[in-house]
2 protein chains.
Amino acid sequence: MTDPTRELADFLAALSYEDIPEPVVARCEELFLDWLGSALAGKDYAPIPLFERYAQRMGPADGGSEILTLRQGTSPYFAAFVNAAASHVVEQDDLHNSSVLHPGTVVFPAVLAAAQAEGKSGREMILAAVAGYEAGIRIGECLGRSHYTIFHTTGTVGTLAAAAAVGKLLGFSSTGFVHALGSAGTQAAGLWEFLRDGADSKQLHTAKAAADGLLAAYMTADGLTGAQRILDGKQGMAAGMSRDADPSCLADRLGSRWALTETSFKFHASCRHTHPAADALLHVMQQQGLSHTDIVSVVTHVHQAAIDVLGPVEVPRTVHQAKFSMGTVLGLIAVHGKAGLEEFQNHALEDSRVADFRGRVSMRLDPEVDGAYPNKWIGKVEVTIHAGQAFQATIRDPKGDPENPLSRPELESKFQRLARFSGAADDGETRHLIELAWGLRDVTSMAALLPARGKE
Amino acid sequence: MTDPTRELADFLAALSYEDIPEPVVARCEELFLDWLGSALAGKDYAPIPLFERYAQRMGPADGGSEILTLRQGTSPYFAAFVNAAASHVVEQDDLHNSSVLHPGTVVFPAVLAAAQAEGKSGREMILAAVAGYEAGIRIGECLGRSHYTIFHTTGTVGTLAAAAAVGKLLGFSSTGFVHALGSAGTQAAGLWEFLRDGADSKQLHTAKAAADGLLAAYMTADGLTGAQRILDGKQGMAAGMSRDADPSCLADRLGSRWALTETSFKFHASCRHTHPAADALLHVMQQQGLSHTDIVSVVTHVHQAAIDVLGPVEVPRTVHQAKFSMGTVLGLIAVHGKAGLEEFQNHALEDSRVADFRGRVSMRLDPEVDGAYPNKWIGKVEVTIHAGQAFQATIRDPKGDPENPLSRPELESKFQRLARFSGAADDGETRHLIELAWGLRDVTSMAALLPARGKE
């Protein structure tokens with residue numbers, strides 16, 4: 001009887017820093033910086049202050065783990081909780097295509113909080129983060145597309161990814177990982193229903209995934225037991241939350257495939273499902289020299305999950321909800337040439353040109369795009385102009401995809417933009433954090449990334 | 001367009017203490033005492049010390065909310081967390097039949113923790129608990145039998161029940177309840193898979209349900225928004241976690257049916273699915289004057305959910321797992337005449353007579369029993385003896401059911417047994433707590449039920 005959970009656990013337990021190829025370590029440092037930028041950008045952004053307040057009310061008044069937006073210490077549970085909420089709110093955090101998991105926003109808050117509390121080094125944190133990415137991505141692939149139609153994979157699977165990461169930091173054996181995944185999986189939650197209302201649940205999902213995964217790992221370290229086959233057991237996650245699960249994904253090419261390096265960086269500040277079409281529209285407009293006023297309609301040819309996630313948003317009521325509106329994203333691209341944080345903040349809701357453009361955008365299920373998804377996120381648009389002409393463009397590797405990544409200078413510039421957006425770090429501090437990330441493997445202690453501001 | 005979630009929320013917001021009939025208030029006091037006994041009985045019982053340790057490590061060192069097993073103050077989140085774990089571990093906490101929800105173990109930890117922190121009275125706590133029971137039971141009924149085949153309803157639905165209860169304590173409007181249910185439902189989790197391994201997840205489920213429901217309510221009070229139709233929306237709980245949901249249950253006879261009074265008290269210290277058969281076997285043995293050595297076989301005629309929940313347990317490895325073994329429960333009844341806490345502790349695993357009897361017990365799906373379930377939990381057994389004779393008995397209202405409840409003296413005696421079992425309270429203290437419960441409606445402050453012992 002094969003047991004792919006046990007195979008995955010064996011791999012996680014045996015994994016050593018020396019096993020990880022140099023490009024994977026380097027990419028992990030890049031993902032860490034990219035995550036840190038997202039976490040800082042969340043400062044003062046609704047609803048993040050509510051998470052800070054909850055941590056202050058329910059958690060200890062200090063501790064070794066840092067709430068980045070507040071520059072305050074707390075326990076690992078609440079640091080993971082707030083930092084995970086903050087790093088998901090501006091929709092700039094990384095995404096892995098075929099698992100449809102945002103690994104950074106759940107893995108890094110948990111490992112950073114635990115590393116700070118346990119006095120671990122940058123190298124130990126990298127090893128733990130790699131364990132979290134490799135486990136989480138495979139678990140997301142295991143649960144399949146049907147899971148994602150109802151469940152926010154980053155919330156559900158993120159709990160297990162965080163548990164695997166913290167488990168590695170705490171030095172788990174294979175048996176420890178099986179228990180931790182069991183205790184994480186039985187807490188796994190997160191439904192897409194909130195999207196219809198533009199409610200605040202997306203950040204709640206990442207906050208809880210990171211914190212609850214950390215809980216599973218810490219309690220496992222103390223002796224808590226969990227289900228041995230939480231994924232493929234008769235009453236496990238696949239049975240209850242998927243119709244097309246493939247447990248063999250859990251053990252897919254462990255040690256030879258490094259799924260972490262397949263993770264995409266986000267370029268536009270919106271839901272990743274809008275990115276391929278945004279790139280394709282930009283391509284057509286640049287190539288044909290079009291202005292937004294030239295365009296009568298844009299038909300985006302998309303995969304079903306884009307319709308599931310973006311379909312519920314008709315007229316966005318909040319900036320965050322606008323990031324899930326295909327029409328708004330393409331409107332920002334058409335009118336302003338980009339869909340970054342500033343464009344969303346200033347133009348997503350009240351710019352009538354963007355709103356007009358939104359009404360000209362539709363989504364259509366495309367068999368080729370849908371067939372390639374989720375391994376490839378193809379962008380395909382059909383743009384019709386007033387003169388009656390129609391232009392078509394197909395983008396196979398949207399900007400930020402592993403085949404078309406952001407360079408280190410592009411990542412530095414994105415990081416600085418994110419930190420400046422919220423004012424969570426000044427230029428000297430961002431410079432320091434960039435250096436820290438590029439030398440993460442040699443950092444001896446992860447304690448206090450930012451100097452304390454004193455209590456606000 | 002009807003919106004049963006909104007109807008439920010309207011009822012919860014409008015509910016006042018004066019609306020609650022006297023017998024419902026009295027039953028709520030009884031349920032509170034019964035719950036308190038279960039919480040005290042969990043002291044030092046594995047894995048409860050792991051929950052205490054987690055709360056001490058991740059939470060504040062003191063606070064107005066009491067961890068009952070430790071007699072220590074903490075924040076509401078961690079008091080709810082530990083007390084909910086503790087009150088579910090000895091399997092003596094209440095159960096509502098048709099929802100298959102254990103309401104007490106999720107509602108009372110959350111409302112007590114919040115009432116202590118917010119300086120609320122016994123009367124305010126009763127009102128909040130009634131709101132939690134009425135909401136939770138209807139939500140459990142809404143999600144239906146298919147939900148329970150994979151999900152531990154007390155973990156999933158318990159999160160919403162706790163949120164409703166704490167929301168009432170915090171004085172929510174209808175809109176507040178809708179948001180809180182949205183934020184609770186999107187955190188709802190708990191899978192039965194752990195049963196196969198006798199793992200510790202059952203207490204993790206109740207701990208998280210109570211604490212996360214409380215989180216949803218507190219964060220809603222600060223302004224967090226949630227999905228408006230978390231139960232019946234296209235990407236909500238029913239869509240993702242049920243195949244036979246009936247949203248109309250949410251608004252079932254609000255204000256005229258008091259579902260709280262349909263809650264059963266547990267007599268035997270085992271999974272409630274074993275109780276009907278245990279009562280039926282006891283009946284046959286008493287009527288026929290049989291000893292366990294007379295009996296060749298017992299066929300229990302059960303509903304499908306009993307097979308789903310008890311079926312995975314073949315040879316129990318822990319006392320807790322033995323509570324989910326039909327053969328062990330009937331073995332304790334047959335050999336020792338009862339299946340209480342002491343019998344489980346002393347005889348469930350190492351008494352060869354009980355183990356032998358276990359091998360003579362089987363479960364068989366019975367159309368009549370299954371058809372009546374979950375509204376009625378019928379006990380039906382067929383007992384064959386060495387002489388070749390067979391006896392049959394059917395129990396329609398197992399001991400503890402609303403039609404066959406425990407009296408106040410029986411509840412007092414159960415409470416004292418539970419407290420003595422763990423030594424969590426001495427006789428003077430149990431006497432005091434019984435008086436407190438019987439006068440709960442007139443208690444002005446819920447602060448500190450037990451005198452502090454000092455830190456252990």
Side-chain angles (χ1 to χ4, degrees), chain A residues 46-47 49-51 53-54 57-61 75-78 149-152 155-156 159 179 182-183 185-201 204-205 208 212 215-216 218-219 222-230 233-237 239-241 308 312, chain B residues 46-47 49-51 53-54 57-61 75-78 149-152 155-156 159 179 182-183 185-201 204-205 208 212 215-216 218-219 222-230 233-237 239-241 308 312:
Chain A
L50 306 181
F51 290 81
R53 183 156 175 215
Y54 190 76
R57 181 184 283 188
M58 300 294 175
S75 66
Y77 185 77
F78 286 107
T149 59
I150 305 279
F151 294 94
H152 180 201
T156 54
T159 315
H179 285 301
S183 291
T186 207
Q187 296 179 76
L191 294 159
W192 281 122
E193 182 59 26
F194 75 91
L195 269 184
R196 219 169 306 280
D197 310 302
D200 296 328
S201 309
L204 181 61
H205 294 169
K208 293 300 304 308
D212 291 344
L215 177 156
Y218 269 89
M219 289 190 72
D222 282 349
L224 192 79
T225 60
Q228 299 300 288
R229 301 189 73 146
I230 197 63
K234 278 186 203 163
Q235 290 163 305
M237 290 182 78
M241 304 160 89
D308 293 341
Chain B
L50 306 182
F51 290 81
R53 184 158 175 211
Y54 191 75
R57 183 185 280 187
M58 299 295 175
S75 65
Y77 184 77
F78 286 107
T149 60
I150 305 280
F151 293 95
H152 180 200
T156 54
T159 314
H179 284 301
S183 291
T186 208
Q187 296 180 76
L191 295 158
W192 281 123
E193 182 59 25
F194 75 91
L195 270 183
R196 220 170 304 282
D197 310 302
D200 297 328
S201 310
L204 181 61
H205 295 168
K208 293 300 304 307
D212 291 344
L215 177 155
Y218 269 89
M219 289 191 71
D222 282 349
L224 192 79
T225 60
Q228 300 300 288
R229 301 189 74 146
I230 196 65
K234 277 187 204 164
Q235 290 162 304
M237 290 182 78
M241 302 160 90
D308 293 342

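Letters go in sequence order (proteins before strands), and every chain restarts at 1. Quick note: numbers below take in every heavy atom, side chains included, and nothing from hydrogens, waters or symmetry partners.
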- [ ] Pick one of side chain, backbone, both or neither for Thr149(A), based on which atoms fall under 4.5 Å of a heavy atom in chain B.
- [x] backbone
Open item on the list: Does Phe151(B) form a side chain to side chain contact (heavy atoms under 4.5 Å, CB included) with Met241(A)? I'd like the steps, not just the answer.
Closed with: CA-CA 10 Å; Phe151(B) 293 95; Met241(A) 304 160 89; 3.8 Å; yes
Open item on the list: Less than 4.5 Å to any heavy atom of chain A: does that hold for the side chain of Leu50(B), its backbone, both, or neither?
Closed with: both
Task: Best-contacting candidate, Met237(B), Gln228(B), Lys208(B), against chain A by heavy atom pairs under 4.5 angstrom - done: Lys208(B)
- [ ] Could you list the residues that satisfy salt bridge (Lys or Arg N to Asp or Glu O under 4.0 Å) with Asp200(B), not counting sequence neighbours?
- [x] none
Open item on the list: Measuring only between side-chain heavy atoms, which start at C-beta, is Lys234(B) closer than 4.5 Å to Arg196(A)?
Closed with: yes
TODO: Would you check, one step at a time, whether the test side chain to side chain contact (heavy atoms under 4.5 Å, CB included) holds for Gln235(B) with His152(A)?
DONE: CA-CA 10 Å; Gln235(B) 290 162 304; His152(A) 180 201; over 6 Å; no
TODO: Select one option (side chain, backbone, both, neither) describing which atoms of Leu195(B) are under 4.5 Å from chain A's heavy atoms.
DONE: neither
TODO: Measure distances from Ala188(A) to the heavy atoms of chain B and classify the residue's part below 4.5 Å as side chain, backbone, both or neither.
DONE: backbone
Open item on the list: Shorter than 4.5 Å, heavy atoms on both sides: which option in Gly236(A), Pro47(A), Ala239(A) has the most such pairs with chain B?
Closed with: Gly236(A)
Task: Pick from Gly155(B), Pro312(B), Gly59(B) with the largest number of heavy-atom pairs that fall under 4.5 Å of chain A - done: Gly59(B)
Open item on the list: Only pairs of heavy atoms separated by less than 4.5 Å count here; which of Gly198(B), Ala46(B), Gly190(B) has the most with chain A?
Closed with: Gly190(B)
Open item on the list: With a 4.5 angstrom heavy-atom cut-off, is it the side chain or the backbone of Pro49(A) that approaches chain B, or both, or neither?
Closed with: neither
Open item on the list: So which atom in Leu191(B) and which in Gly185(A) form the shortest heavy-atom distance, rounded to 0.1 Å?
Closed with: CD1-O, 3.7 Å
Task: Heavy-atom proximity to chain A below 4.5 Å, by part of Pro76(B) - done: both
- [ ] Heavy-atom pairs under 4.5 Å with chain A are the metric here; pick the option from Ile230(B), Asp197(B), Ile150(B), Thr186(B) that has the most.
- [x] Thr186(B)
Task: Heavy-atom pair count under 4.5 Å with chain A, highest-scoring of Tyr77(B), Tyr54(B), Trp192(B) - done: Tyr54(B)
Task: Closest contact, heavy atoms only, Ser75(A) versus Met58(B) - done: OG-O, 2.7 Å
Open item on the list: Nearest 0.5 Å, please: how far is CZ in Phe51(B) from CG in Leu215(A)?
Closed with: 8.0 Å
Task: Contact origin within His205(A) toward chain B - heavy atom pairs under 4.5 Å - done: side chain
Open item on the list: Can you give me the closest heavy-atom contact between Ala227(A) and Ser201(B), atom names plus distance?
Closed with: N-OG, 4.4 Å
